[in-house]
2 protein chains.
Amino acid sequence: MHGSRKVVNITRLRQACRTCTLMELCLPMGLTSDDIQALESIVHVKGPLDRGAHLYREGDAFQAIYAVRHGALKTYSIDADGREHVLGFHLPGELLGLDAIYPRYNRCSSVALASSSVCVLPFSQLAELAQKVAGLQATILRLMSKDLSMSANLATDHTAEERLAGFLLSLAQRTGAGTELQLAMPRRDIASYLRLATETVSRLLARFQQEGLLEVHRKQVRLLDLDGLRELGGSFEMMDRRRQRTGFV
Amino acid sequence: MHGSRKVVNITRLRQACRTCTLMELCLPMGLTSDDIQALESIVHVKGPLDRGAHLYREGDAFQAIYAVRHGALKTYSIDADGREHVLGFHLPGELLGLDAIYPRYNRCSSVALASSSVCVLPFSQLAELAQKVAGLQATILRLMSKDLSMSANLATDHTAEERLAGFLLSLAQRTGAGTELQLAMPRRDIASYLRLATETVSRLLARFQQEGLLEVHRKQVRLLDLDGLRELGGSFEMMDRRRQRTGFV
DNA sequence: CGAGTACTTGACCCAGATCAAGCCATGTGG
DNA sequence: CCACATGGCTTGATCTGGGTCAAGTACTCG
């Protein structure tokens, strides 16, 4: 290792990088600028992906994990009866493809919900780099652990009301756009993700609105009563109130 | 690095280690014997834990992850209404505590379902060692990825029948005891894990027996018609037909 | 052998699914 | 610029898988 060992502040670096193609959004925090350069050398941008374009498909050999730069993607799988199950939504700053490490091929497909771009992180090179850079290894482990908690949380038993309220709060947190949400996904996908019928999502949104918890018009949602929603979605809400991006963004 | 670089075969090593206290069960595969010694130096055994004894509790500071040596444990959390949700069962050779890496404290509790012992893997030392030993880093990443897939799978939408059939198949696979299962957990825990009522589990087991799919008497289950069960539990069944232990065991 | 706990079985009920119209935004071709 | 098609969304009516409640039954462990 040579050169600067100064640890880079994430927001400052993002500002400084406004001009560079690769790292404008995809940068790990807590790394030295040397390390970041090394990371930059293995990463490349893919996109823009049009709405409906696939990033990868079920069965593809596992090559890379991805960090969303902008837009939104969903991951889904098709079961034996041909029905789609939405497994997750991926917003700017979030990783996807981690579940393919173990089986070495993708167990689900990933498609853009809106025009999107991603950072491609070739896994073998990433793992090699993480071997040298302790902060990078730590970041990857923490992000995988986070996904693990979120997934376990979703797997637990809650009412439709709790799941939807929790989902909206989680979205608000993850987009960081305050109480003004622009849903990237159709009702059908929200329903599938939450294990509900489309109609139930629709009805619950109508009811939440009637109860003054939020205002909804198509994909526009304004959360009016966060505490009220928390009371409903309480245990379903995500763990970190304070904002915490992946570090790859 | 000095000394032997020979990669150790897991079964041979387990045989060879019958006598040593620490590594009898907890050994990572694909490592050199040097690396294994390094790992051994940071690991220690905890147990036996009596049935009902806690390994850790919700809120405990995150210190270590654990590999089950023998017995069985469950992880669970208590929701806002005081109800227990079983998050997972952990059999010999499996890891637990991975979900605590991100928040740095345990988000769930872990309790022994039967007399059990575990390997304690202090996380900071483990991470440090994984920094030096590529095979160890790779193993950890793969195991976390595996948990991610399993959890995502459980989170999807299936009937009670599908979930129970899948669960039984998954248990049979994980215990590696063929078609003869000895359930370590009470019905109530199976039900909670699968998001069902205890009565539903009981009724379904009765029905499966009636249909000739299995024989059940209390905690003894003998799977009679694996293909029939697979047909029911199909997409819910775990990914790896062929046996694949953690590598820590 | 008695008390407690786990399990089973039956009767009933309800949250949310399914079925069935209609509605509303966007795009498309005339 | 307007019909009108298309697909997403809403709303109502009805149905049902699995939950809940209520007894029993059978292990298990002092």
Side-chain angles (χ1 to χ4, degrees), chain A residues 50-52 72 74 79 81 83-86 111 113-115 156-168 181-211 214-221 232-233 236, chain B residues 50-52 72 74 79 81 83-86 111 113-115 156-168 181-211 214-221 232-233 236:
Chain A
D50 289 337
R51 179 178 140 82
K74 74 170 175 187
D79 72 14
D81 308 330
R83 285 197 306 203
E84 177 181 319
H85 294 267
V86 173
V111 65
L113 291 165
S115 178
T156 57
D157 184 26
H158 299 275
T159 64
E161 190 178 83
E162 289 171 326
R163 292 211 291 278
L164 185 59
F167 175 71
L168 293 172
L181 292 181
Q182 164 81 8
L183 302 177
M185 67 296 285
R187 301 283 191 269
R188 175 173 28 84
D189 286 348
I190 298 176
S192 170
Y193 178 63
L194 298 177
R195 307 190 299 270
L196 300 171
T198 308
E199 294 93 325
T200 303
V201 171
S202 200
R203 273 189 259 266
L204 280 176
L205 283 173
R207 218 187 72 205
F208 286 173
Q209 174 157 345
Q210 205 175 309
E211 289 167 349
L214 49 74
E215 261 171 31
V216 55
H217 179 68
R218 296 273 149 164
K219 313 229 154 193
Q220 286 301 331
V221 177
L232 293 182
F236 189 70
Chain B
D50 289 337
R51 179 177 140 83
K74 73 171 175 185
D79 72 13
D81 308 330
R83 285 198 304 203
E84 177 181 318
H85 294 268
V86 173
V111 67
L113 291 166
S115 177
T156 57
D157 185 25
H158 299 276
T159 63
E161 189 178 83
E162 288 170 327
R163 292 211 290 278
L164 185 59
F167 175 71
L168 292 172
L181 291 182
Q182 164 81 8
L183 303 178
M185 66 297 286
R187 302 281 191 273
R188 174 171 30 86
D189 286 347
I190 298 175
S192 171
Y193 178 64
L194 298 176
R195 306 189 300 269
L196 299 171
T198 307
E199 295 91 326
T200 303
V201 171
S202 198
R203 274 188 259 266
L204 280 176
L205 284 174
R207 216 186 76 206
F208 285 173
Q209 173 158 299
Q210 205 177 310
E211 289 167 350
L214 49 75
E215 260 170 32
V216 56
H217 179 69
R218 295 277 147 161
K219 312 229 156 193
Q220 286 300 331
V221 178
L232 293 182
F236 189 71

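So you know, we letter chains A, B, ... as the sequences are listed, proteins then strands, and number each from 1.
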Chemist: Which part of the nucleic acid, if any, lies within contact of A:Leu196, taking any heavy atom under 4.0 Å across all strands shown: a base, the sugar-phosphate backbone alone, or nothing?
Modeler: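 Here A:Leu196 touches the backbone only, sparing every base.
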
Chemist: What is the separation between atom CG on B:Leu113 and atom P on C:dA6, rounded to the nearest whole Å?
Modeler: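 Spelled out: CG on B:Leu113 to P on C:dA6 is 12 Å.
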
Chemist: Taking the nucleotide of DNA chain C with the closest heavy atom to each, which residue, B:Lys219 or A:Arg195, is nearer the 5' end?
Modeler: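 Closer to the 5' end of DNA chain C: B:Lys219.
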
Chemist: Calculate the interatomic distance between B:Gln220 atom CD and D:dC27 atom C1'; express it in whole Å.
Modeler: 14 Å

Chemist: Whole angstroms only, please: what is the CZ-C1' distance between B:Arg218 and C:dT8?
Modeler: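 Rounding to the nearest Å, CZ of B:Arg218 and C1' of C:dT8 are 8 Å apart.
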
Chemist: Give the rounded distance in Å between these two atoms: CD of B:Glu199 and P of D:dG24.
Modeler: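 Nearest whole value for this atom pair: 16 Å.
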
Chemist: What is the separation between atom CG on A:Leu183 and atom C1' on C:dA25, rounded to the nearest whole Å?
Modeler: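 Distance, rounded to whole Å: 16 Å.
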
Chemist: Under the side chain to side chain contact (heavy atoms under 4.5 Å, CB included) criterion, do A:Phe208 and A:Glu161 qualify, and how do the steps go?
Modeler: CA-CA 9 Å; A:Phe208 286 173; A:Glu161 190 178 83; 4.0 Å; yes

Chemist: Whole angstroms only, please: what is the CZ-C1' distance between A:Arg203 and C:dT18?
Modeler: 10 Å

Chemist: Identify whether any heavy atom of A:Ala160 sits under 4.0 Å from a base atom; if not, whether one sits that close to sugar-phosphate; answer base, sugar-phosphate or nothing.
Modeler: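 The residue A:Ala160 makes sugar-phosphate contact but no base contact.
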
Chemist: Looking only at heavy atoms, what is the nearest atom pair of B:Arg218 and B:Arg187, with distance?
Modeler: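 The pair with the smallest heavy-atom distance is O-NH2, 3.0 Å.
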
Chemist: Rounded to whole angstroms, how far apart are NE2 on B:His217 and P on C:dC7?
Modeler: 12 Å

Chemist: Look only at the side chain of B:Asp81 and the backbone of B:Arg83, and say whether a donor-acceptor pair between them is shorter than 3.5 Å.
Modeler: no

Chemist: From the set D:dC9, D:dG18, C:dC7, return the single nucleotide nearest to any side-chain atom of B:Thr200.
Modeler: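 So the nucleotide nearest the side chain must be D:dG18.
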
Chemist: B:Arg207 near the nucleic acid: base, sugar-phosphate alone, or nothing, with a heavy-atom cut-off under 4.0 Å?
Modeler: nothing

Chemist: If you measure from CZ on A:Arg195 to NE2 on B:His158, what distance do you get to the nearest 0.5 Å?
Modeler: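 Reported value, rounded in 0.5 Å steps: 10.0 Å.
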
Chemist: CG of B:Asp157 versus P of C:dA17: gap in Å, rounded?
Modeler: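 After rounding, the reported distance stands at 8 Å.
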
